[in-house]
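The next block holds one structure in the form of structure tokens; read it before the comments.
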Amino acid sequence: MTGSVSTASTGHADTTVDAAGTGAAQTTLRGTPVVPGVGYGRVIRPGARPSIPADTGEVPEADRESEKAVFDAAANAVATRLRGRAELATGAASEVLSANAAMATDRGWLGAARASIAKGSSAVAATAAATEKFAAMFTQLGGLMAERVTDLRDIRDRVIAEILGVPEPGVPVPDEPSVLFADDLAPADTAGLDPALIVGLATSLGGPTSHTAIIARQLGIPCIVAVAGLDDIAAGTNASVDGTSGRIDLEPDADSARAAVVSARDELDRVSQWVGPGTTADGHAVDILANVQDGAGARAARSSAADGVGLFRTELCFLDRDSEPTVDEQAEIYAQVLDAFAGKKVVVRTLDAGSDKPLRFATHPDEANPALGIRGIRIAEADRGILYRQLDGIAAAAKATDSSPWVMAPMIATALEAKDFAADVRERGLTPGVMIEIPAAALLAEHILEHVDFLSIGTNDLAQYTMAADRMSAQLAGLTDPWQPAVLALVAHTAAAGAKAGKPVGVCGEAAADPLLACVLVGLGITSLSAASAAVAHVGSKLATVTLAQCKEAAAAALKTDSTAAAREAVSAILG
């Protein structure tokens, strides 16, 4: 009789050998699980990025204008392609592709490259220099800005490829179902993945709320991030990626790996049969809602079991524009979402721009740390008219569709901010609420609820700000995990304030997409859960298998732990 014994355990990588001493070895890697499911296949890796040619010397002054024209044409071509992909995509994929298109035509980046060309650099050298200048700046700033370094370098590579006339970099299309390993992926690459061919995804960088994780969740591709040792795994290796446990098995037994895939698919088939409404096994009602960002995304979500929209991101119609959209333009966009969920609950989040999503038509101050700067509702402090016109657009859409949307503001930090926002919303006959993303707002939830009718917790930013950890840092991915007991304690405090006031408190961050964690949130007193439409059935079907008492028991157990691993283990023991 043989078995296996662990002979090495170094953080996230374990090596096991046959206990009989035959020499057969299997390596197991571990990371942060973000999208459940199992994928098995050969490893593929993104194609090589274009190499930057050595500087060939100063460009003659007579040729510099034409060199600028080459650079401008390349940047514009890349931006146009990204806009086109954004129009074909939906949800978070469309949003981040639009943001990247805006980055390709950012005035500061373009200006830096043009300045280099004016001094004699080639278009390629200027592109590389401008990128490194901004990459260093973003890295130093940290937070949300540091997240954009991967995106910025992806733009650089696409522009250089365009200048050189070589194929645009990206992920190869495999001939058979494969698993994709990478250090990180740019949104343009992640959004273009075919779930029929890319059946598993793992990255050595990133966190649970990175663009890669969010888009993979939307596509339903089993995904693990922050995997130590992943960079050492060569293309062609057979691998099994378990996005539920965060485990990667290299060169596993093929029959066992395929059986795990079949089992995961059977579970997915079972989950897909769930049609709502959201309730626990003993009939406690919980709204299961979808996160959307435009009419197309809303119509796609309507085909799921979602009972409404818990987060309508409105940034898309503001990004990549030189002028603010008119009230009528905004109303038309908002009406598409309200029409898709006619008669259902729709929660609209007002403009959450600034920081990594700057507005072209608004002046953004130079900030030492934009993630803690002028973003979200704080933009209205500089120009209240932007908020007023958006609220007018929402009110017009509501009237045109005979709807009654709820409206919430992002990045609220004080009760006074909530009071002022609520007055502006009620003046237009709408229902006001605010996002709880800042620990101060969670601690003041009882006072904030004196002014608004509901709260919605954004666990992505709440985790980042609570733990003082960049959510894109692979080294800090454990800290930004929403299972952190400190984050759960703030959720519990906020939910208790809502129960005391008799007002609903929802969660619209990525935590709501984790079926097990969703049960904990319900046990803490959360009344609605909003996630990517691909996660709705997973959450609803899991909730239907447990009672409210079990959810409360699991929540209490999680709050008593001292780590994310302990929290998951305690809850799994109760809920299975």
Side-chain angles (χ1 to χ4, degrees), residues 4 6-8 10-18 22-35 37-51 150 153-154 157 161 166-186 188-206 210 212-213 215-216 219-265 474:
S4 64
S6 178
T7 60
T10 55
H12 292 278
D14 301 314
T15 301
T16 60
V17 298
D18 186 342
T22 62
Q26 173 179 298
T27 300
T28 298
L29 305 180
R30 295 188 182 276
T32 301
V34 293
V35 184
V38 178
Y40 170 66
R42 291 190 182 279
V43 172
I44 64 169
R45 287 189 170 275
R49 294 278 162 171
S51 59
T150 296
R153 287 181 172 146
D154 177 65
D157 292 345
V166 300
E168 190 174 25
V171 176
V173 178
D175 296 327
E176 60 182 355
S178 305
V179 294
L180 174 62
F181 286 5
D183 56 352
D184 201 0
L185 290 176
D189 288 332
T190 315
L193 298 180
D194 181 351
L197 291 175
I198 304 300
V199 296
L201 172 62
T203 64
S204 56
L205 302 178
S210 66
T212 296
I215 297 174
L219 295 173
I221 299 174
C223 179
I224 307 172
V225 299
V227 182
L230 191 72
D231 293 344
D232 298 329
I233 309 306
T237 304
N238 290 310
S240 175
V241 176
D242 188 335
T244 302
S245 66
R247 172 175 171 145
I248 297 173
D249 290 325
L250 304 173
E251 297 298 350
D253 175 75
D255 290 339
S256 297
R258 292 189 184 103
V261 171
V262 171
S263 177
R265 286 177 180 168

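Reckoned from all heavy atoms, side chains included, excluding hydrogens, waters and symmetry mates.
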Please lay out, stage by stage, how N238 and Y40 fare under the test side chain to side chain contact (heavy atoms under 4.5 Å, CB included).
-> CA-CA 7 Å; N238 290 310; Y40 170 66; 4.0 Å; yes

Is it true that a side-chain atom of [X] and a backbone atom of [Y] form a donor plus acceptor pair closer than 3.5 Å?
| X | Y | result |
| --- | --- | --- |
| R42 | S178 | no |
| T244 | G37 | yes |
| T212 | L185 | yes |

Return the minimal non-hydrogen interatomic distance between [X] and [Y], and the atom names on each side.
| X | Y | answer |
| --- | --- | --- |
| A239 | V43 | CB-CG2, 3.9 Å |
| T32 | A226 | OG1-CB, 4.1 Å |
| V34 | I224 | CG2-N, 4.3 Å |
| G39 | P222 | N-CG, 4.3 Å |
| V35 | G220 | CG1-C, 4.2 Å |
| A257 | P252 | CB-CG, 4.0 Å |

Carefully, step by step, assess I233 and L29 under the rule side chain to side chain contact (heavy atoms under 4.5 Å, CB included).
-> CA-CA 10 Å; I233 309 306; L29 305 180; 3.9 Å; yes

Rounded to the nearest 0.5 Å, how far apart are CG of L219 and CG of L193?
-> 6.5 Å

Spacing of I248 atom CD1 and L230 atom CG [to the nearest 0.5 Å] | 5.5 Å

Is the closest side-chain heavy-atom distance between P46 and L180 below 4.5 Å?
-> yes

Applying side chain to side chain donor-acceptor pair (under 3.5 Å) to D183 and not counting sequence neighbours gives none

With sequence neighbours left out, the residues meeting side chain to side chain donor-acceptor pair (under 3.5 Å) with T237 are none

Please walk me through it: do V199 and V179 pass side chain to side chain contact (heavy atoms under 4.5 Å, CB included)?
-> CA-CA 6 Å; V199 296; V179 294; 4.2 Å; yes

By salt bridge (Lys or Arg N to Asp or Glu O under 4.0 Å), which residues pair with D242, not counting sequence neighbours?
-> none

Which one of L201, T190, I215, V241 satisfies the side chain to side chain contact (heavy atoms under 4.5 Å, CB included) criterion with C223?
-> L201

